[in-house]
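In what follows, a single structure is set out as structure tokens and then discussed.
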Protein chains: 2
Amino acid sequence: MIALDDIDRAILRGLQHNGAARASDLGKKVGLSQPATWRRIKRLEEGGVLRGRRVVLDAKKLGFDVTVFLGIKLATKGRVALEDFERAAAAIPEVQLIQHVLGLYDYRLKVVARDISDFERVLRRRVMTLPGVGDVEANVLLSDEHRKLAI
Amino acid sequence: MIALDDIDRAILRGLQHNGAARASDLGKKVGLSQPATWRRIKRLEEGGVLRGRRVVLDAKKLGFDVTVFLGIKLATKGRVALEDFERAAAAIPEVQLIQHVLGLYDYRLKVVARDISDFERVLRRRVMTLPGVGDVEANVLLSDEHRKLAI
DNA sequence: CCTGAAATCCCCCTGTA
DNA sequence: TACAGGGGGATTTCAGG
């Protein structure tokens, strides 16, 4: 939790609207000069609030037509078991996201594959053979919509 | 699916490594001049492969200490029911991601809240009152790790 | 079509008040 | 904080492959 004023929040909102926004444009929106805006962005980066910029790729246009979320329950849950699982899951190229969660499942994996048969290959040869895997539940992604943090 | 050569893929890999990378830096990596690299990036953007750049914010440092994934099963699933649900879910500020999925659940929502009691408020007053909501399952996020698309 | 080189524009970034 | 200058990236133009 870091002290932010209204202008910082306005800058963050602007950056959420457009991750490639320039300091000069943001400055006009928030009523600040370009250098002042740039220094605030720098401060937000150094403070860790702004962790970086990520490109958004269109998986479908790259030939990955199938995205599946897997809920995974581990059979054994010691510290070593968690580390083994995470390391092995990270070695699967099709795994885009590894989330350690608390609830009905222990992990959630986001898996991309070229098509359903490609996904079946990944599921059977890679996911089901991960160390400690117990129950696995799958949800195929149909569509998704991102929304901004209300700050 | 768009035709990409090895250089395009190398550029995309470089951009996944650093979303703020400059055309000149990328050019050095892929063995191309700065204008040629810049034109390829532009082409990837116009072709929709590169959908944009997004800033990564640290939710914890902004005071959102709790992230929960909800799996939601709808009681009724007509076209109108889906649209009503999506519209109402999008009106909840704490909902960061709305995923329409196929499987055990119909929707997955990513919800951020300031703390557990704030999450309880969102869950009881906003989520449970969404139109058509049936079963709800929750997973609290402990940690997550993003990985790059293998292209 | 693609490329690289050069030239221009404009923004970032920094020093300074 | 704003202002001003140098440096460098973004963008266009041009010529060659």
Side-chain angles (χ1 to χ4, degrees), chain A residues 1-65 114 146 148-151, chain B residues 1-63 146-151:
Chain A
M1 188 65 168
I2 277 191
L4 303 178
D5 61 16
D6 291 343
I7 297 181
D8 286 325
R9 278 188 278 270
I11 289 174
L12 290 175
R13 281 195 299 272
L15 282 171
Q16 284 193 97
H17 183 68
N18 175 13
R22 292 175 289 226
S24 55
D25 298 331
L26 290 170
K28 272 175 219 159
K29 281 193 183 180
V30 305
L32 234 54
S33 71
Q34 184 266 340
T37 309
W38 181 83
R39 284 191 166 95
R40 279 174 180 265
I41 295 173
K42 202 78 180 170
R43 213 175 303 141
L44 292 168
E45 285 172 349
E46 283 161 3
V49 178
L50 250 171
R51 299 181 65 166
R53 289 147 212 268
R54 190 172 295 158
V55 288
V56 184
L57 301 183
D58 188 315
K60 276 200 168 47
K61 297 215 172 177
L62 289 166
F64 297 100
D65 283 340
R114 307 217 156 254
H146 276 270
K148 307 187 204 346
L149 260 182
I151 48 181
Chain B
M1 190 64 168
I2 278 190
L4 303 177
D5 61 15
D6 291 344
I7 297 181
D8 287 325
R9 277 187 279 270
I11 290 174
L12 290 176
R13 281 195 298 273
L15 283 171
Q16 284 194 95
H17 183 70
N18 175 14
R22 317 261 178 205
S24 56
D25 298 330
L26 289 170
K28 271 175 218 156
K29 281 193 182 179
V30 304
L32 235 54
S33 71
Q34 185 261 349
T37 310
W38 180 84
R39 275 194 280 263
R40 278 174 180 264
I41 296 173
K42 204 77 181 171
R43 213 175 306 139
L44 291 168
E45 286 172 349
E46 283 161 4
V49 178
L50 250 171
R51 299 182 63 166
R53 290 167 164 83
R54 189 172 294 159
V55 288
V56 184
L57 300 184
D58 188 316
K60 276 199 170 43
K61 297 215 173 177
L62 290 166
H146 276 270
R147 303 191 60 254
K148 306 188 206 341
L149 260 180
I151 47 180

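Each chain gets a letter, A, B and so on, in the order its sequence line appears, and its residues count up from 1.
Residues A/Leu15 and A/Leu44 are not in side-chain contact: their nearest non-hydrogen atoms beyond the backbone lie 4.5 Å or more apart. Considering only heavy atoms from C-beta on, B/Ile151 stays 4.5 Å or farther from B/Leu4 through its side chain. Looking at heavy atoms from C-beta onward, B/Leu12 lies in side-chain contact with A/Leu62 at the 4.5 angstrom threshold.
Of all the residues in residues 7-30 of chain A, A/Arg22, A/Ala23, A/Ser24 reach under 4.0 Å from DNA chain C with at least one non-hydrogen atom.
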* To do: Go along nucleotides 12-17 of chain D 5' to 3' and tag each nucleotide: B for a protein heavy atom under 4.0 Å from its base, S when only backbone or sugar atoms are that close, - otherwise.
  => BB----

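Atom-to-atom, CG of B/Leu4 to P of C/dC2 comes out at 13 Å; the value is rounded to the nearest Å. Between the CD atom of A/Glu46 and the P atom of C/dC13 there is a distance of 12 Å, given to the nearest Å. For the pair A/Arg53 CZ and C/dC12 P, the interatomic distance rounds to 11 Å; values are reported in whole Å. Computed from coordinates, the A/Ile41 CD1 to C/dC13 P distance equals 9 Å when rounded to whole Å. The CZ atom of B/Arg40 sits 8 Å away from the P atom of C/dC2 (whole-angstrom rounding).
Judged purely by atom type and a 3.5 angstrom limit, B/Lys61 uses its side chain to pair as donor or acceptor with the backbone of A/Gly47.
Note on residues 45-55 of chain A: pairs passing side chain to side chain donor-acceptor pair (under 3.5 Å), not counting sequence neighbours, are A/Glu45-A/Arg53, A/Arg54-B/His146.
For B/Asp5, the side chain to side chain contact (heavy atoms under 4.5 Å, CB included) partners are B/Ile7, B/Asp8, B/Arg40, not counting sequence neighbours. Contacts of A/Arg9 classified as salt bridge (Lys or Arg N to Asp or Glu O under 4.0 Å), with partners at least two apart in sequence or in another chain: A/Asp6.
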Residues 20-34 of chain B, side-chain donor-acceptor partners within the protein, below 3.5 Å, at least two apart:
unit_1: B/Ser33; atom_1: OG; unit_2: B/Ala36; atom_2: N; d: 3.4

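At a cut-off of 3.5 angstrom, the base of C/dC11 holds no donor-acceptor pair with the side chain of A/Gln34.
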